[in-house]
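Shown next, in structure tokens, is the structure this report addresses.
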Amino acid sequence: NTVSNLIMILPPICGAIQTYRDGLEFRYICSFLGLAAVGVGSWFFHMTLLYEMQLLDELPMIYSTCVFVYCLYECFKQENSISLFPIALLIIFSVSVTVVYLQWKEPVFHQVMYGALVACLVMRSIFIVTWVYPWLRPLCYTSLGIFLLGFLLWNIDNIFCDSLRASRQMLPPAVGVVTQFHAWWHIFTGLGSYLHILLSLQIRSTYLKYRPNVKFLCGVWPTLHIEPQKTS
């Protein structure tokens, strides 16, 4: 469960570096680094199981997703523009969730707030790939499908935790590790979130008339490179 967080740390850091090299807007660097912060927080929580580290895992999920929301809802604005009203709303939302969660300590509250942000992303993404850039549907639905698969496995792990733990004791270690559904939750949600950032970047760069180009590192891992020239 600890090592599986690497997928939320290393690729986003590489993505942030590539975004900086391409000279793209700072908000997308923050998106990648926000995802990496979630991975680091989750790494420390699963390594220590301390309450403080749990907060370092869960609260960055809210903060980073707020950055995702801002990027996706501001993707059709002038280049390098900053919209103060949505930023203020998202900051107020983040602070409110933090204050309530520190006092209430109810995991369901955090899950509902996080789910509300994800729902905003899903609705906006589907709208864009349905009515604006239909050719981005494969990337959008792949990102969403992978994320939902991770969410499904996370719920299975929560509901059948005792049964899965008992079954692992009867299985060879190499097979039992595959039943660590919480680790798969990290992997699939990390990959789904990474692909969402690529989708958001591709929407934004297409609107700004750049030429985004998806390349696969070692033929496997998707990365987005931006051509320096603009189309006419």
Side-chain angles (χ1 to χ4, degrees), residues 1-13 15-16 29-71 87-122 146-169 173 176-194 196-197:
N1 286 338
T2 300
V3 176
S4 60
N5 287 291
L6 284 174
I7 197 170
M8 286 190 282
I9 301 174
L10 298 181
I13 290 176
I29 298 176
C30 291
S31 293
F32 280 118
L33 294 182
L35 180 57
V38 174
V40 171
S42 182
W43 177 290
F44 281 111
F45 170 56
H46 289 87
M47 187 170 59
T48 65
L49 297 181
L50 296 174
Y51 172 69
E52 293 79 7
M53 296 300 104
Q54 180 181 348
L55 294 177
L56 194 63
D57 173 13
E58 293 176 337
L59 290 178
M61 292 171 63
I62 299 294
Y63 307 150
S64 61
T65 309
C66 282
V67 178
F68 298 171
V69 169
Y70 178 80
C71 289
I87 290 177
L89 282 181
L90 291 168
I91 289 176
I92 291 171
F93 178 83
S94 298
V95 172
S96 300
V97 170
T98 300
V99 171
V100 172
Y101 193 46
L102 288 176
Q103 297 297 320
W104 195 10
K105 298 180 175 63
E106 174 54 62
V108 175
F109 169 75
H110 171 269
Q111 292 162 14
V112 170
M113 294 299 99
Y114 177 67
L117 291 172
V118 172
C120 291
L121 291 177
V122 171
I146 290 174
F147 187 93
L148 291 178
L149 176 59
F151 181 72
L152 173 65
L153 293 177
W154 176 68
N155 277 280
I156 292 175
D157 185 72
N158 284 340
I159 297 171
F160 301 105
C161 181
D162 293 336
S163 300
L164 289 170
R165 189 175 300 169
S167 67
R168 288 189 202 110
Q169 298 177 354
V177 71
V178 180
T179 66
Q180 292 281 358
F181 287 172
H182 193 88
W184 287 111
W185 151 253
H186 293 161
I187 293 170
F188 287 131
T189 53
L191 176 56
S193 299
Y194 175 86
H196 168 79
I197 299 175

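- The two residues L117 and I62 come nearest to each other via the heavy atoms CD1-O, 3.7 Å.
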Under 3.5 Å, side-chain donor or acceptor atoms of residues 33-49 against the rest of the protein: list the pairs with distances, not counting sequence neighbours.
residue	atom	partner	partner atom	Å
S42	OG	N5	OD1	2.7
S42	OG	N5	ND2	3.3
S42	OG	H46	ND1	3.2
H46	ND1	S42	O	2.8
H46	NE2	H182	NE2	3.0
T48	OG1	F44	O	2.7
T48	OG1	L50	N	3.3

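- Of all heavy-atom pairs spanning F181 and L153, the tightest one is CB-O, 3.5 Å.
- Applying the side chain to side chain donor-acceptor pair (under 3.5 Å) test to residues at least two apart or on different chains, none of the pairs has a partner in residues 106-119.
- Of all heavy-atom pairs spanning M8 and G190, the tightest one is CG-CA, 3.4 Å.
- At a threshold of 4.5 Å between non-hydrogen side-chain atoms, the residues D157 and W185 do not count as touching.
- Between Y194 and F32, the shortest heavy-atom distance links the atoms CE1-CE2, 3.7 Å.
- Distance check, rounded to the nearest 0.5 Å: OG1 of T189 to NE2 of H196 gives 13.5 Å.
- Interatomic distance, N155 CG to N158 CG, rounded to the nearest 0.5 Å: 6.0 Å.
- With V118 as the partner, the side-chain contact (heavy atoms from CB on, under 4.5 Å) test is satisfied by one option alone out of F151, F68, F147: F147.
- Contact between F93 and C66 at its shortest, heavy atoms only, is CD2-SG, 4.0 Å.
- In this structure, S94 has no side chain to side chain donor-acceptor pair (under 3.5 Å) partners at least two apart in sequence or on a different chain.
- The stretch residues 59-70 participates, sequence neighbours left out, in these side chain to side chain donor-acceptor pair (under 3.5 Å) pairs: Y63-T98.
- For V99, the side-chain contact (heavy atoms from CB on, under 4.5 Å) criterion is met by V95, not counting sequence neighbours.
- Rounded to the nearest 0.5 angstrom, K105 NZ and Q54 CD are separated by 10.5 Å.
- Nearest approach of P11 to L6, heavy atoms of both residues: CD-O, 3.5 Å.
- Partners of V178 under the side-chain contact (heavy atoms from CB on, under 4.5 Å) rule, at least two apart in sequence or in another chain, are W184.
- Once rounded to the nearest 0.5 Å, the distance linking CD1 of I7 with CD1 of I187 reads 6.0 Å.
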